[in-house]
Undergrad: 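Pasting a structure here, questions to come.
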Amino acid sequence: MNFKYETSQLIMRVCTRKDARLVHDFYVRNLKDFMRYEPLDPRSASTLVYYESLLDIEYELLLRKEVIRFFLFEKANPLKIVGTVAFRNISFAPHLLSAQVGYKIDRASRRRGFAREALSTGCDIMLNDLGLHRIEATVLPDNEASCRLLEGLGFEREGLLKSKIRLNGVWKDHLIYALVKN
């Protein structure tokens, strides 16, 4: 696995502490939107120190192949993050060979195919380069765009996970999707 990949529109790369300012700017620009889908504390998620620490932790997890997060940069503007695709809970146990995927796109960069490109490339890396068998994604039931994206990439809806994630103090149901290698 490489730490940097290119698609037709994007540069997908692992970020480290030296990129903390870019990561901070990406999250601060989109914090209100992202809080709808993930449990972020706006006080800590607004500080540069938080992202320096997060990037240090994610890099250590990357070296152990437990978490792999690619930050997305548009080739036309390689100094601005337009999204992320992250694989977590990666298991190389022979009876599992699986991971969970999450992704997000900058509000100003949506509907340009970035999520499709990045998710397709990321899943290809995980299934073919790293030899995983299954990738799962959880989605809020009302996130129709994400459901369409996953289904368009071959993920199959497997069911509903009751009270899966606590968001803004409320336990939310999530749909579970899976992409299984043939």
Side-chain angles (χ1 to χ4, degrees), residues 1-31 33-34 37-38 40 45 47-92 96-139 145-146 149-150 152-155 177-181:
M1 185 195 83
N2 298 317
F3 286 16
K4 181 179 175 183
Y5 293 86
E6 290 193 23
T7 68
S8 63
Q9 300 183 86
L10 300 170
I11 298 166
M12 298 173 53
R13 71 175 175 85
V14 172
C15 284
T16 61
R17 175 181 275 267
K18 70 179 178 52
D19 301 301
R21 174 67 61 197
L22 296 173
V23 174
H24 170 265
D25 292 347
F26 168 69
Y27 274 92
V28 169
R29 271 194 322 270
N30 293 283
L31 191 57
D33 286 346
F34 293 166
Y37 301 105
E38 63 182 295
L40 292 170
T47 68
L48 183 60
V49 171
Y50 173 82
Y51 293 101
E52 289 171 340
S53 298
L54 178 70
L55 290 168
D56 287 344
I57 292 166
E58 284 189 352
Y59 192 76
E60 289 299 317
L61 293 170
L62 167 70
L63 295 178
R64 296 195 314 245
K65 292 185 179 172
E66 293 177 21
V67 171
I68 300 169
R69 180 186 304 275
F70 293 106
F71 287 88
L72 314 177
F73 299 82
E74 187 176 6
K75 284 182 177 179
N77 186 1
L79 296 177
K80 181 182 176 189
I81 296 172
V82 296
T84 74
V85 62
F87 297 88
R88 61 193 179 287
N89 298 328
I90 300 169
S91 175
F92 290 99
L96 290 176
L97 295 173
S98 63
Q100 295 172 331
V101 67
Y103 46 90
K104 55 183 81 61
I105 299 294
D106 184 283
R107 176 184 255 288
S109 299
R110 294 184 186 148
R111 301 195 189 332
R112 297 178 57 196
F114 294 162
R116 178 174 296 282
E117 256 183 56
L119 192 54
S120 175
T121 300
C123 287
D124 183 61
I125 293 163
M126 299 305 288
L127 295 173
N128 297 314
D129 295 357
L130 295 182
L132 295 185
H133 175 71
R134 177 183 172 89
I135 299 172
E136 297 177 353
T138 56
V139 181
S146 201
L149 170 65
L150 291 168
L153 290 172
F155 281 76
Y177 283 84
L179 178 67
V180 178
K181 187 174 181 178

Undergrad: Using a 4.5 Å cut-off on heavy atoms from C-beta on, say whether the side chain of L149 contacts that of R116.
TA: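 Yes, side chains in contact.
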
Undergrad: Is there a donor-acceptor pair under 3.5 Å between the side chain of Q9 and the backbone N or O of R112?
TA: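 Yes; at least one donor-acceptor contact below 3.5 Å.
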
Undergrad: Quick check: are there more than 12 heavy atoms from other residues, nucleotides or ligands sitting under 6.0 Å from CZ of R64?
TA: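 Correct, the count exceeds 12.
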
Undergrad: Determine whether the side chains of E117 and S8 contain a donor N or O and an acceptor N or O closer than 3.5 Å.
TA: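 The criterion, which ignores hydrogens and geometry beyond distance, is satisfied for S8 and E117.
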
Undergrad: Side-chain contact test, heavy atoms from C-beta onward, threshold under 4.5 Å: evaluate it for M126 versus I90 and give yes or no.
TA: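 Counting from C-beta outward, M126 and I90 do come under 4.5 Å.
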
Undergrad: Any side-chain heavy atom of S146 within less than 4.5 Å of one from Y177?
TA: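 Answer no - side chains too far apart.
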
Undergrad: Report yes if the distance between the aromatic ring centroids of Y51 and F26 is under 6.0 Å, otherwise no.
TA: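 No, ring centres 6.0 Å or more apart.
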
Undergrad: Any sub-3.5 Å donor-acceptor pair from N30's side-chain atoms to R107's backbone N or O?
TA: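 Answer holds: yes.
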
Undergrad: L119 and side-chain contact (heavy atoms from CB on, under 4.5 Å): which single residue from D124, L179, V85 fits?
TA: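 That would be V85; it is the only one of D124, L179, V85 passing the side-chain contact (heavy atoms from CB on, under 4.5 Å) with L119.
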
Undergrad: Counting only heavy atoms not in K65 (residues, nucleotides, ligands), do more than 12 fall under 6.0 Å from its NZ?
TA: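 No - once you tally the heavy atoms of other residues, nucleotides and ligands closer than 6.0 Å, there are 12 at most.
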
Undergrad: Side-chain contact test, heavy atoms from C-beta onward, threshold under 4.5 Å: evaluate it for C123 versus F155 and give yes or no.
TA: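 Yes - at least one pair of side-chain heavy atoms lies under 4.5 Å apart.
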
Undergrad: How long is the straight-line distance from CZ of F34 back to CG of D106, given to the nearest 0.5 Å?
TA: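 So the CG of D106 and the CZ of F34 are separated by 6.5 Å.
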
Undergrad: Please find the pair of heavy atoms, one from T16 and one from L55, that lie closest to each other, and give the distance.
TA: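 Looking at all heavy atoms of both residues, the closest pair is O-CD1, 3.3 Å.
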
Undergrad: Would a 4.5 Å heavy-atom cut-off, applied to side chains only, mark F87 and L130 as touching?
TA: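 No, their side chains stay 4.5 Å or more apart.
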
Undergrad: Does anything in residues 2-12 form a salt bridge (charged side-chain N to carboxylate O under 4.0 Å, His left out)? List the pairs, not counting sequence neighbours.
TA: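 Passing the test, one end in residues 2-12: E6-K75.
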
Undergrad: Looking at CG of D19 and NE2 of H24, how far apart are the two atoms once the value is rounded to the nearest 0.5 Å?
TA: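 The NE2 atom of H24 is 14.5 Å from CG of D19, to the nearest 0.5 Å.
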
Undergrad: Under 4.5 Å between any side-chain heavy atoms of V14 and F71, yes or no?
TA: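 No, side chains not in contact.
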
Undergrad: Less than 4.5 Å apart, side chain to side chain, heavy atoms only: is that true for R134 and L97?
TA: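 No. Closest side-chain heavy atoms not under 4.5 Å.
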
Undergrad: Which of these passes salt bridge (Lys or Arg N to Asp or Glu O under 4.0 Å) with R17: E58, E52, E60?
TA: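 Result: among E58, E52, E60, E52 is the only option passing the salt bridge (Lys or Arg N to Asp or Glu O under 4.0 Å) with R17.
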
Undergrad: Side chains of T138 and Q100, heavy atoms from C-beta outward: is any pair under 4.5 Å?
TA: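 A side-chain contact under 4.5 Å is absent here.
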
